[in-house]
Amino acid sequence: VQLQAFGGGFVQAGGSLRLSCAASGKIFRINDMGWYRQAPGKERELVASITSGNRANYGDSVTGRFTISRDNDKNMVYLQMNSLKPEDTAVYYCNAQIAGRSTWWRADDYWGQGTQVTVSS
């Protein structure tokens, strides 16, 4: 099982980006999915998460600007980022709790490789 994130890039303040993350492998079930970010010199923080039933939760700094969604048929999670600010600059990581087919009773924590988002002022 692995997660692969893509869609980062460079954008001016006020612009938009959409991140995508695909889960692949021998998957039995995916529980929560989410996005975290880590800026230089700072700890990794939750950006947004979404349950398998599509209940979303957002960090205070992105509420109203970012939208998380998922496609359970495609095992994907997305993050639409609008009204981007320079302080949103960070490496963004996708995360998911996934039960593999051989360990269907247990959901383990998986992380994508990270994708850089840079917002210029």
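Only this structure's heavy atoms are used, side chains among them; waters, hydrogens and symmetry mates stay out.
- With sequence neighbours excluded, no residue forms a side-chain hydrogen bond (donor to acceptor under 3.5 Å, both in side chains) with Asp71.
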Report, one line per pair, each donor and acceptor closer than 3.5 Å where one atom sits in a side chain of residues 1-30; sequence neighbours left out.
from  : atom 1 : to     : atom 2 : distance (Å)
Ser16 : OG     : Asn82  : OD1    : 2.9
Arg29 : NE     : Asn31  : OD1    : 2.9
Arg29 : NH1    : Trp104 : O      : 3.3

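- The number of heavy-atom neighbours closer than 6.0 Å to CG of Asp60, taken from other residues, nucleotides and ligands shown, is 12 or below.
- Considering only residues two or more places apart in sequence or on other chains, Arg55 meets the salt bridge (Lys or Arg N to Asp or Glu O under 4.0 Å) condition with none of them.
- Every side chain to side chain contact (heavy atoms under 4.5 Å, CB included) that Asn72 has, sequence neighbours left out, goes to Arg70.
- One hydrophobic cluster holds both Met33 and Tyr110 under the rule that ILVMFWY side chains link at heavy-atom gaps under 4.5 Å.
- Applying the ring-ring contact (aromatic ring centres under 6.0 Å, His included) definition to pairs two or more places apart or across chains, those involving residues 33-63 are Tyr36-Trp111.
- By the rule that hydrophobic residues join a cluster once side-chain heavy atoms approach within less than 4.5 Å of another member, Leu46 and Tyr93 end up as members of one cluster.
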Distance-only donor-acceptor pairs under 3.5 Å for side chains of residues 61-68, two or more places apart:
from  : atom 1 : to    : atom 2 : distance (Å)
Ser61 : OG     : Arg37 : NH2    : 3.1
Thr63 : OG1    : Gly59 : O      : 2.9
Arg65 : NH1    : Ser83 : O      : 2.9
Arg65 : NH1    : Asp88 : OD2    : 2.8
Arg65 : NH2    : Ser61 : O      : 2.8
Arg65 : NH2    : Asp88 : OD1    : 3.0
Arg65 : NH2    : Asp88 : OD2    : 3.4

